[in-house]
Q: 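Attaching a single structure in structure tokens format; questions to follow.
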Amino acid sequence: MTLAVTHGKVNFKGPLVSRRGDLNCILKTVIQEDAPQQSQASNDTSINVVLFGGLAKDFSHSVNQGDIVVLSGFTVSPSPTVRKDKLHPCILHLDGSEAHIHVCAAPAPAPAPAVGSSGVSATTKYTYVPLNELTHGSLVNVYAVVTFFKLPFPTKGTDYCSTLKLTDQSGAKVGCTIFCEKQESHPKIFKIGDVIRLHRVKAQIYGGSMTLITFWGWSAVTFDGTVGSPVVPRTPTKKFHFGEEDSGMVMALRDWAASDSPVPTEPTVHLSAVVPRQYFNLTCQLLAKATMDSACTLLKVWDGTRCSYPLLTVPVEPGALEGGSPAVSDRQGLIANVLVYDNHVDTAQALQPGTFLCIYNLHAVPQSVPGEASGGQEALSFHLHGGTSFGRGLRALPPGGPDIVELKRALQSCAEQMEDDMNSSLDDLAWFTPSEISMRNCEHTLQQVSLAEVKSSAPPQFFHVRAQVKSFQPQRLYQSLKLFCSQCKTIEEVPDHKTLRTRFQEAVMDNRPCRPAWAVSLIADTEDPSRKFTLHVSSAKCPADRDSKLIFVQECLTSTACCSAPMTTGADFQEMCHLSSDQEYMVPVRSSRGKLLLLDHTVPFLFRGKRQFYGCRQCSKRKLVKPTVEGMEVWNEKSVSEALGVQLMQYVSLMKLELEDGSDTLEVLLWDNSENFFHVCADDLAHCQEAQDRMKQVMDMFQPADSSTSQRPWLDLCLSLYSVDEDGQSQVQCQIVNTQTRDIL
DNA sequence: GGTTAGGCTTGG
């Protein structure tokens, strides 16, 4: 565990123990929580701290008992001496480039010294030893290129072990053994040529050759070895120091490895280039998996290229396949059946369809096709044999790496090609690219986490997850459409047509003819001879858009009708829809005491063609004023509403999705990011069938009819966890952000 | 205050 920072008073300062040079220094100290208000100092407030290397030396020279120190970048582990010294049950280790100690002078009653002026800052400086200068028994820091690696495998002891072979500009080659209890804390090496930085590892001779082995307090960071790719440290710790000198080291090693080094270059072997009996590494996407027996799991994978040899078909029990039914595509040489054996089965089982992965030391095995005469054509099957020799194994690759970017491109163009070739339906494509259905478009370089991790995290934070849609609300998608006032943040339902008809009738009661001075008023006939409209055409014209008119529509009954029915009505909702065209903006109005009024804001205040616009009840002016067009560039719903003193409400789409990923379920909103996500303008959703259809198609894709969980596609999502105040209470909410569905519809 | 492993294939 890494904590950010703590501070305390130095209670005890042990001697500097030095064996061979600075890197071997150790110093033990005890610090006590610096809390004067605490009357009874309990033993829990004192903690053992062990410093290593240059930091121990600096501490020894510049710190005295009683000093206040601020510690950061330390690791915490159980204290082995807790029974003996009855101090805090944990011990802090300060080692590595992220470890810092800021030393203040002993607390003085006088004004506190300004931080930085009287404070002594002690920071570790790392020196890196070339691999040809290692001496037996020394503790060293090294930078090197990986020329061989085995993924972490369990030992007979307590740890996982990974075995590496390293080299650097000195030309020396040294083996390296990493022991670490947690698999995920091992250095993240994805391919030969990756660069590794190791701190505090021990050099020792074994079998006549120099080797490196992890030592207490060791740490490792790795980098992609591709020349020119961004220098991004891969580390299990979130908080991490990384300076310019590190970039320099990485780039120098990359350049050297790319030019005149003995580092074997292993270009990615695509399925199309595989030959029988070859061992190779395959970077691919998992499409489906099936358990064959307790020692064998079948993985169906593809890398977007077509194998030039016939591929062996592996029969699978019906229902045993998780992740889709790729029967058609098997015949096209696109999908490799990989049989994963023994110690690799657990890893394979844990992979989700859609995952990008690398299979190391995969064996292309030619087999005669059952049922065909001997001498007949052979077909290739792929075996990941048991054991770890030659680095055999498989691992999921994080999204965003250069290899994955290339792979995704290949998969996409392959899917497009297939669409052309076979006229395949959307269903086929949706199946082929299960994780390509959504794409993040954020700049974050976050590691993917599980939903359980998101759920247990504190806002505000962003996360990247892979998840399936378990359920969503509302089921009737048009109900997701809402009206939103950006000023007062009110959200309202969009009324249906029946409600609107009633509201129109109610809103225009007690309507009297009137002729405002700022408009030209005309009487227009309707199909019903007893009904006429008064159209008040505003003389105000938009200077830049002279053809568009703003028309106020007021319905009046004819004089005959007036006699029999003294009450008149305003514009009817259906007639408004009928009257409005794409050219004019129409505003339904009524009059009272000789003045024109807008209807109340429970109905649209503005019509244009099929589009209707609402005003916010709270934020709009109640009186209809003479429209002002000063400074107006163009008539649109925004400028018209401004001219009328109406606060325009936006159409927005609000959905609630329940996500699942095997670790947990999580309810998320699709709201701010909705238009980006569906590639649909919320405004269009209100009146355009095409837009509604598109949204439905996307949701159907997430949850195909009668689909089981395993058939649903996986989505790459960027989530924002944040808190909102509701009724004075803080609530945590989660939204899908920066994510769009691929345009495959 | 340090066991484990210490690359080196092949079957199913």
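Basis for what follows: all heavy atoms, side chains included, without hydrogens, waters or symmetry-related copies. Bear in mind the structure is a predicted one, so any value in this text is a computation, not a measurement.
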Q: Within the 4.0 Å heavy-atom criterion, would you say R277(A) contacts the bases, only the backbone, or no part of the nucleic acid?
A: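 Nothing, no heavy atom under 4.0 Å.
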Q: Would you mind classifying the nucleic acid contact of F153(A) as base, sugar-phosphate or nothing, using non-hydrogen atoms under 4.0 angstrom?
A: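 Touches sugar-phosphate only.
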Q: Describe the nucleic acid contact of D342(A) in one word from base, sugar-phosphate, nothing, applying a heavy-atom distance below 4.0 Å.
A: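 Result for D342(A) = base.
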Q: Name the nucleic acid region contacted by T177(A), choosing base, sugar-phosphate or nothing; use a 4.0 angstrom heavy-atom cut-off, strictly under.
A: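 The residue T177(A) makes base contact.
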Q: Might you work through the side-chain hydrogen bond (donor to acceptor under 3.5 Å, both in side chains) test for E378(A) and S368(A), ending with a clear yes or no?
A: CA-CA 4 Å; E378(A) 286 187 320; S368(A) 55; 5.7 Å; no
Q: Whole-Å distance between dG12(B) C1' and M292(A) CE?
A: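 The distance from CE of M292(A) to C1' of dG12(B) comes to 11 Å, rounded to the nearest Å.
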Q: Applying ring pair (Phe, Tyr, Trp, His ring centres under 6.0 Å), name anything that partners F149(A), two or more places apart in sequence or on another chain.
A: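 With neighbours one apart ignored, the set is Y360(A).
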Q: So is the aromatic ring of F179(A) stacked onto the base of dT4(B), judging by whether the centres are under 5.5 Å apart and the planes are under 30° apart?
A: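 Check passed, F179(A) stacks on base of dT4(B).
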Q: Report yes or no: is there a donor-acceptor pair, N or O only, under 3.5 Å between the side chain of H385(A) and the base of dG12(B)?
A: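 Donor-acceptor pair under 3.5 Å: yes.
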Q: Assign G387(A) to base, sugar-phosphate, or nothing according to its heavy-atom contacts below 4.0 angstrom with the strands shown.
A: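 Nothing: the residue G387(A), judged by heavy atoms under 4.0 Å, touches no strand.
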Q: Between D159(A) (CG) and dG1(B) (C1'), how many Å, whole number?
A: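 Rounding to the nearest Å, CG of D159(A) and C1' of dG1(B) are 14 Å apart.
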Q: Under the criterion of centre distance below 5.5 Å and interplanar angle below 30°, is Y341(A) classified as stacked on the base of dG11(B)?
A: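 Not stacked by the 5.5 Å and 30° rule.
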Q: Quick one: sort the Y279(A) and H363(A) rings into parallel, tilted or perpendicular, breaks at 30° and 60°.
A: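 Judged by the thresholds at 30° and 60°, the geometry between Y279(A) and H363(A) is parallel.
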Q: Starting at atom NE2 of H344(A), determine the distance to atom C1' of dT10(B), rounded to an integer number of angstrom.
A: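 Value for this atom pair: 13 Å.
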Q: Expressed in angstrom and rounded to an integer, what is the separation of I192(A) atom CD1 from dG7(B) atom C1'?
A: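 That distance rounds to 11 Å.
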Q: Check for me whether K150(A) meets the cation-pi criterion with F153(A), that is, NZ or CZ under 6.0 Å from the six-membered ring centre and within 45 degrees of the ring axis.
A: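 The answer is yes; both the distance and angle limits are met.
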Q: Should the pair F242(A) and F223(A) be assigned to parallel (<30°), tilted (30 to 60°) or perpendicular (>60°) ring geometry?
A: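 The rings of F242(A) and F223(A) sit tilted, inter-plane angle from 30° to 60°.
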Q: Could you check how far CZ of F149(A) sits from P of dG6(B), rounded to whole Å?
A: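 Nearest whole value for this atom pair: 16 Å.
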Q: Starting the side chain at C-beta, find the nucleotide from dT4(B), dG12(B), dG6(B) nearest to H383(A).
A: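 The answer is dG12(B), which lies nearest to the side chain.
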Q: Base, sugar-phosphate, or nothing: which does T158(A) touch, judged by heavy atoms less than 4.0 Å apart?
A: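 Here T158(A) touches the bases of the nucleic acid.
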Q: In whole angstroms, how far is the C1' atom of dT10(B) from the CG atom of N361(A)?
A: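 For the pair N361(A) CG and dT10(B) C1', the rounded distance is 10 Å.
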Q: Starting at the 5' end of DNA chain B and moving along, which residue's nearest nucleotide shows up first, T211(A) or Q367(A)?
A: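 Counting from the 5' end, the first nearest nucleotide belongs to T211(A).
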Q: What is the distance, to the nearest angstrom, from the NZ atom on K202(A) to the C1' atom on dT3(B)?
A: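 So the NZ-C1' distance, K202(A) to dT3(B), works out to 12 Å.
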Q: Please report the distance, rounded to the nearest Å, between CD in Q204(A) and P in dA5(B).
A: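 After rounding, the reported distance stands at 15 Å.
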Q: Expressed as a whole number of Å, how far does the C1' atom of dG6(B) sit from that of dT10(B)?
A: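 Approximately 23 Å lies between the C1' atom of dG6(B) and that of dT10(B).
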Q: With the side chain of K150(A) defined as its heavy atoms from C-beta on, choose the nearest nucleotide among dT4(B), dG7(B), dT9(B).
A: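 Of all the options, the side chain of K150(A) is nearest to dG7(B).
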Q: Salt bridge check, D194(A) against R234(A): does any charged N sit closer than 4.0 Å to a carboxylate O?
A: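 Yes.
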Q: At 4.0 Å (heavy atoms only), tell me whether I213(A) reaches a base, stays on the sugar-phosphate, or touches nothing.
A: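 Base contact.
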Q: Is F390(A) stacked on the base of dG7(B), meaning ring centres closer than 5.5 Å and planes within 30 degrees of each other?
A: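 No, the aromatic ring of F390(A) does not stack with the base.
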Q: Counting distance alone, no hydrogens or angles: does the base of dT10(B) have a donor or acceptor under 3.5 Å from a partner atom on the side chain of Y279(A)?
A: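 Under the 3.5 Å cut-off, the side chain and the base do form a donor-acceptor pair.
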